[in-house]
There are 2 protein chains.
Amino acid sequence: MYLPNQMQKLTLKSIAKEIGVSISTVSKALKDSPEISDDTRQKIKAFAKLYNYKPNNIALSLKNRKTKTIGVIIPDIVHYFFTTVISGIEEVANLKGYNVIVGLSNESFQKEVINMEMLANGSIDGFILSVSKETQLLKDYHHLEETINQGMPIVMFDRTINEIVCDKVIVDDTEGAKNAVLKLLDLGCKNIAIITTEDHVNVGKLRTKGYKMALESRNIFKSNHHILHLEEKLYDPIFIKELEVVISDFLKINPSIDGIFAVNEVYALSAIKAAKKLQKEVPEDLKVIGFTDGILSKYATPSLSTMSQHGKILGMKAAELLIQRLESLDVDLPYQTVIIETELIERETTENI
Amino acid sequence: MYLPNQMQKLTLKSIAKEIGVSISTVSKALKDSPEISDDTRQKIKAFAKLYNYKPNNIALSLKNRKTKTIGVIIPDIVHYFFTTVISGIEEVANLKGYNVIVGLSNESFQKEVINMEMLANGSIDGFILSVSKETQLLKDYHHLEETINQGMPIVMFDRTINEIVCDKVIVDDTEGAKNAVLKLLDLGCKNIAIITTEDHVNVGKLRTKGYKMALESRNIFKSNHHILHLEEKLYDPIFIKELEVVISDFLKINPSIDGIFAVNEVYALSAIKAAKKLQKEVPEDLKVIGFTDGILSKYATPSLSTMSQHGKILGMKAAELLIQRLESLDVDLPYQTVIIETELIERETTENI
DNA sequence: ATAGGCAACGAAAACGTTTTCGTGTTGATA
DNA sequence: TATCAACACGAAAACGTTTTCGTTGCCTAT
């Protein structure tokens, strides 16, 4: 009787020794190769099942030169949008037998590079990533280029880079912003402001562009654009007070504002809070639309109308693109850029009273 | 001149062939072995650097029988607490040269098992996990036992299981809840309710226990306990309306309630919303404390006082425990259970006006 | 009787490392 | 001149698979 050492994983070799056959025979028997007689096959399979043999993934990876795992690099995981994207990635990855390994850049170029290098040397088959803000700022993309040159496919999402040719999945920020502002106009708002980021943040820039397009399409020109650019750091919860002050000041200077489009939930909620303190009622005196249909929008009081980015669908699409490329035999598979449509989720902040 | 095929990763073998030495020599040269002459070492290192040689992680893993990666299994990633835990894990993992591979159970026993089996066969060195609700309900822990029996260490966090002996990192739910309720008492609340989950959810049960302990320590006995147990599903944003209705009904039946302790942010915010509609002002007529210092607490209006679980610290501690065990030579390292202290974060919902 | 064929299995290479243990060459020493 | 280190390097095993290509032994057809 075989006494398995519970501390030692079963291998083909140990099974072979136990049954008294060669490693090859065990391997073939377990894969139902016709080369092996029914008799020995039964014996081997029974033994393997009894002691719960599972092939070693690392050995398989080395042999097959593929790991069946996807590397995901994101700037921040404590962030609703990114987590929904991950959940989408994970869902289709799992469905197709892939694992997901997560690296966080914390918005740092350095960490992004380190993390990618750590994973690029055989640990994964391909990347899904959204670059850090610092990378966008520095415009240094050598790590991305090198990775691609080494034959490792990348799918970029949300914060993509034009200079890099690869598959991309993006949110239609400009169109989404435009639609949000058009909605405010349709609701009767006459003086619509945008609360946005600095321009080097791509999504901020694109959403600002959409804002302008919407207004200009209704013949509201520059003199009546109200744009508040906020410093990076104000997004951080530790500056919540400062954020409110800045927005409050902005609203005081522009008392005619009756509609706000904010490029994220945080700006939107702070705007609402600031407005209340200035005795402006939402939505009666001021209508607000945010971006990202996260937890804040749903549970805020009043609940926030917002543009959903469908992060989960985005993640699913990104994973599909990557896996399709990984499993395609066609080396020249053309690169795609998939656009995920935004959708206006109407809640209390745009109710017409 | 060597013309590297950019599609092909550099290996020791290809370097060896190019320089005209053996594989062993290359390996030794790169590791600065004294066996190798300065001359050839220089040559090899220069070549390796020029073409950016990086050893293949998979081959290393196979050889060393360790992967330097940690498997993290959580029930849900679109959840503030879990993401902060991950960020903590990731931080110390990275510091110590480990990668993090994430599996989601989606609160499903089945997915939890599958995911763990997928990773347990060589892909990772150890697990950090929080079990799914279904696992808690079924009380089937065979996958955990088997994993441990195979010599793979596990660190459980938050939702731990007494029957399983392993390292654990937990939040002091009972104590935290007790302190929250004591705070409400100190603020002068006379009729304090708890909004909690069904009892099979461990954290809900423990926090309810803390609620009772606090009241009883001030001689407020059962007849004056107001406990609202909510169905699982009401936590989901799609049932936000129903949630509010249930809480609203509860408040109507118990009009004397002047303090609420909610076991999560969602219940707390819904309670505030319900109260407002019943013309109760927060914090004037009703004081509220939640659990989890997430994004909702910070940006709510009024901002929510809450018990912080310090998820990031918890994650860091869990990673430290695991890595310590992985790198310890002592097989009999005693198992630890680390308790992360909660902390009351006071905001507007407990202000004394 | 013998060639041919098939059934059932094993040996060995390969994936990319690390490391132990040779082995050949040099220079110095007795 | 013979011996012996020290030096510089290579061969090979090992990690756990898969797969190709033998190699047996036996049966059948000529």
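Numbers restart at 1 for each chain; the letters A, B, ... are given by sequence-line order, proteins then strands.
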With sequence neighbours excluded, residues passing side-chain hydrogen bond (donor to acceptor under 3.5 Å, both in side chains) with [X]:
X         : answer
Asn121(A) : none
Thr135(A) : Glu112(A), Ser132(A)
Asp38(A)  : Arg41(A)

To the nearest 10 degrees, what angle separates the axes at the start and end of the helix from dA1(C)-dT30(D) to dA30(C)-dT1(D), five pairs each?
->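 Computed angle between terminal axes is 90°.
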Can you name the residues that form a ring-ring contact (aromatic ring centres under 6.0 Å, His included) with Phe81(A), not counting sequence neighbours?
->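 ring-ring contact (aromatic ring centres under 6.0 Å, His included) check on Phe81(A) returns nothing, list empty.
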If you look at every strand shown and take non-hydrogen atoms under 4.0 Å, does Thr40(A) touch a base, only sugar-phosphate, or nothing?
->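 Sugar-phosphate only.
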Among residues two or more places apart or on two chains, list those pairs meeting ring pair (Phe, Tyr, Trp, His ring centres under 6.0 Å) that have a residue in residues 104-124 of chain A.
->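 Only Phe109(A)-His143(A) qualify under ring pair (Phe, Tyr, Trp, His ring centres under 6.0 Å).
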Would you please say whether a donor-acceptor pair under 3.5 Å links the side chains of Asp125(A) and Thr67(A)?
->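 Short answer, yes.
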Under 4.0 Å between a side-chain N/O of Ser37(A) and OP1 or OP2 of dC9(C), yes or no?
->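 Result: yes.
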Hey, could you give me each pair passing salt bridge (Lys or Arg N to Asp or Glu O under 4.0 Å) that has a residue in residues 129-157 of chain A? Not counting sequence neighbours.
->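 Listed by first then second residue: Lys133(A)-Glu232(A).
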Which atom pairs, donor and acceptor, lie under 3.5 Å between side-chain atoms of residues 329-337 of chain B and protein residues at least two apart or in another chain?
unit_1    : atom_1 : unit_2    : atom_2 : d
Asp330(B) : OD1    : Asp332(B) : N      : 2.9

Per-nt protein contacts along nucleotides 13-25 of chain C (heavy atom under 4.0 Å; B base, S backbone sugar-phosphate only, - none) come out as -BBBBBBBB----
